[in-house]
Amino acid sequence: MTIDPETPNHSSYSSSGLLSEDSKTVTRKHASTAEIWARRMFLVTFVLLCTLLGVFLIVLPWRPEWVDNPLFSGYPWVRSLFANPFFRGACSGFGVLDLWIAISETAHYHEDV
């Protein structure tokens, strides 16, 4: 079997996800109305969850209820961990990250219509 350098190797195109030279057109599947609304509702729910969790994690670590929690009464080392300013700052940092994710998901949303 001889290999002609002018002939494209179709097996390499299919494995890497590239289009072969024979298929120049790309077909797109249009989303139905139900799929579009499902994506919208998922986005609204996800953004609302990220926003609430972000605000919760930014504000709560600096409130007195964060350390004066009855769940920590039997575990003084957990109370000292939660009272540590570094740990509080890390929790607030995760809150900022959650807000960033919510804003990013909202800004990058697009519909295929």
Side-chain angles (χ1 to χ4, degrees):
M1 177 173 160
T2 62
I3 299 176
D4 184 16
E6 299 297 322
T7 307
N9 185 2
H10 293 290
S11 64
S12 66
Y13 289 116
S14 63
S15 65
S16 65
L18 299 173
L19 293 175
S20 66
E21 292 179 14
D22 296 336
S23 61
K24 296 282 184 186
T25 61
V26 177
T27 58
R28 287 192 141 174
K29 179 188 165 207
H30 293 287
S32 69
T33 307
E35 290 174 343
I36 291 173
W37 276 102
R39 288 184 200 157
R40 288 177 185 169
M41 294 309 297
F42 176 76
L43 178 73
V44 168
T45 306
F46 183 72
V47 167
L48 184 65
L49 177 72
C50 284
T51 303
L52 290 175
L53 185 63
V55 170
F56 179 76
L57 284 175
I58 289 172
V59 173
L60 189 64
W62 305 104
R63 305 262 315 151
E65 295 88 10
W66 181 257
V67 178
D68 299 332
N69 193 337
L71 294 173
F72 301 148
S73 62
Y75 306 100
W77 64 272
V78 175
R79 181 178 294 213
S80 66
L81 173 70
F82 274 65
N84 188 350
F86 178 77
F87 185 79
R88 290 180 177 196
C91 290
S92 293
F94 281 120
V96 171
L97 183 65
D98 276 340
L99 285 179
W100 180 262
I101 290 170
I103 292 168
S104 175
E105 287 294 321
T106 304
H108 290 109
Y109 177 74
H110 68 292
E111 296 177 351
D112 299 329
V113 289

Looking only at heavy atoms, what is the nearest atom pair of [X] and [Y], with distance?
X	Y	answer
Val55	Leu99	CG2-CD2, 4.3 Å
Leu81	Phe87	O-CB, 3.4 Å
Pro85	Trp62	O-CH2, 3.9 Å

Flag yes if [X] and [Y] sit in one hydrophobic cluster, no otherwise; membership is Ile, Leu, Val, Met, Phe, Trp, Tyr, and two members link when side-chain heavy atoms are under 4.5 Å apart.
X	Y	value
Ile101	Ile58	no
Leu60	Val67	yes
Phe56	Phe82	yes
Phe46	Leu97	yes

Is there a side-chain contact between [X] and [Y] in this structure, where contact means two heavy atoms from C-beta onward sitting under 4.5 Å apart?
X	Y	result
Val47	Leu43	yes
Asp98	Thr51	no
Arg88	Asn84	no

Stacked cation flag Arg63 on Trp66, 6.0 angstrom / 45 deg:
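Checked: cation-pi criterion not met.
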Going from CD1 on Ile103 to NE2 on His108, what distance comes out if it is rounded to the nearest 0.5 angstrom?
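Answer rounded to 0.5 Å: 11.5 Å.
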Can you label the angle between the Trp77 ring and the Tyr75 ring as parallel, tilted or perpendicular, going by 30° and 60°?
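Perpendicular: the ring planes of Trp77 and Tyr75 meet at over 60°.
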Donor-acceptor contact below 3.5 Å, side chain Glu35 vs main chain Ser32:
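Answer holds: yes.
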Does a sphere of radius 6.0 Å around CH2 in Trp100 hold more than 12 heavy atoms from other residues, nucleotides or ligands, not counting ones at 6.0 Å or beyond?
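No, not enclosed.
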